[in-house]
Amino acid sequence: MENSKPYVILSAAISIDGKIATRTGKSKLSSKKDLTRVHRLRSGVDAIMVGKNTVSVDNPSLTVKYVKGKNPVRIILDSKATISTNSKIVKTARTTPTMLIVSETAPTRRVSLLTKKGLEVIKCGKARIELRKLLSILSKRGIKKILVEGGGITNWHFLKEKLVNEIIVTVTPYMIGGKDAVSLVEGNGFDNISYSFKLKQVKRIGDEIVLRYVF
Ligand SMILES: NC(=O)c1ccc[n+]([C@@H]2O[C@H](COP(=O)([O-])OP(=O)(O)OC[C@H]3O[C@@H](n4cnc5c(N)ncnc54)[C@H](OP(=O)(O)O)[C@@H]3O)[C@@H](O)[C@H]2O)c1
């Protein structure tokens, strides 16, 4: 069925050299104006998804700020249910709907602890999280549009499986460098230059450029 997968937007702020964080994990690249744009985008989607490293490094709220609008459901990919109970995500899970996606390897004790804290834990996959299956589950739950906000490993898995409909990246005026700094897309990468997107919009905000590509 055509509607069995939500529309996926991959969103990130990158340095001139394509990094999304420094080697020490600093990732606040966007200007206030760009952040406002991102939060407006958040308010128009059903869910925001990130990988567990982003939660542990950034400790984000993943809510809508700077603009008026509803909070999307927060979805965290964390196959072994390792997310810290001190994280903002866990601490606010009773007021902002939050799904924790785990695999069958997640310890039962951790799953029940996090469930008690207000997260909805969804098992999807044996050893690893199966993204295609997950998207089908989310679609059945009424989630039609997802904003994938990284990090680099999560971005790679979505792209590897060709699950991305749209990419919105802000090129910010910073230079980061370093092999240990996380890039927009991590993982093994593709062998050939053949997977491409169409450029739909270019917008300049001061020293930043917002690029919108669709598949
Ligand atoms: N500038 C920006 O816009 C921006 C945005 C977001 C993040 N960041 C930065 O990115 C960095 C973190 O990125 P990261 O690449 O290290 O990690 P990440 O993508 O945040 O998290 C990756 C982890 O998520 C879990 N995961 C489970 N199933 C997955 C699946 N199917 N696909 C992908 N991930 C899955 C994996 O852990 P398990 O194997 O244990 O499940 C994996 O190691 C931080 O420094 C953060 O500051 C920057």
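Note that ligands are numbered from 1 as they come in the structure, with each ligand's atoms numbered from 1 the same way.
Qualifying salt bridge (charged side-chain N to carboxylate O under 4.0 Å, His left out) partners for Glu208, counting only residues two or more places apart in sequence or in other chains: none.
Here ring pair (Phe, Tyr, Trp, His ring centres under 6.0 Å) pairs that include residues 128-174, with residues two or more places apart or in two chains, are Trp156-Phe190. Pairs engaging residues 32-42 under the side chain to side chain donor-acceptor pair (under 3.5 Å) rule: Ser30-Asp34, Asp34-Arg37, Asp34-Thr170, Arg37-Thr170, Arg42-Glu149 [sequence neighbours left out].
The hydrophobic cluster containing Leu147 does not contain Ile75, counting ILVMFWY residues as joined when their side-chain heavy atoms lie under 4.5 angstrom apart, directly or transitively.
Separating the CG atom in Leu77 from the CD1 atom in Ile129 is a distance of 4.5 Å, to the nearest 0.5 Å.
One finds a salt bridge joining Glu120 and Arg141 here, because a Lys/Arg side-chain nitrogen approaches an Asp/Glu carboxylate oxygen to under 4.0 Å.
Listed by chain and residue number, the protein contacts of ligand 1 are Ala12, Ala13, Ile20, Ala21, Gly25, Ser27, Leu29, Gly51, Lys52, Asn53, Thr54, Val57, Asp58, Leu77, Asp78, Ser79, Ile129, Leu131, Glu149, Gly150, Gly151, Gly152, Ile153, Thr154, His157, Val182 (heavy atom within 4.0 angstrom).
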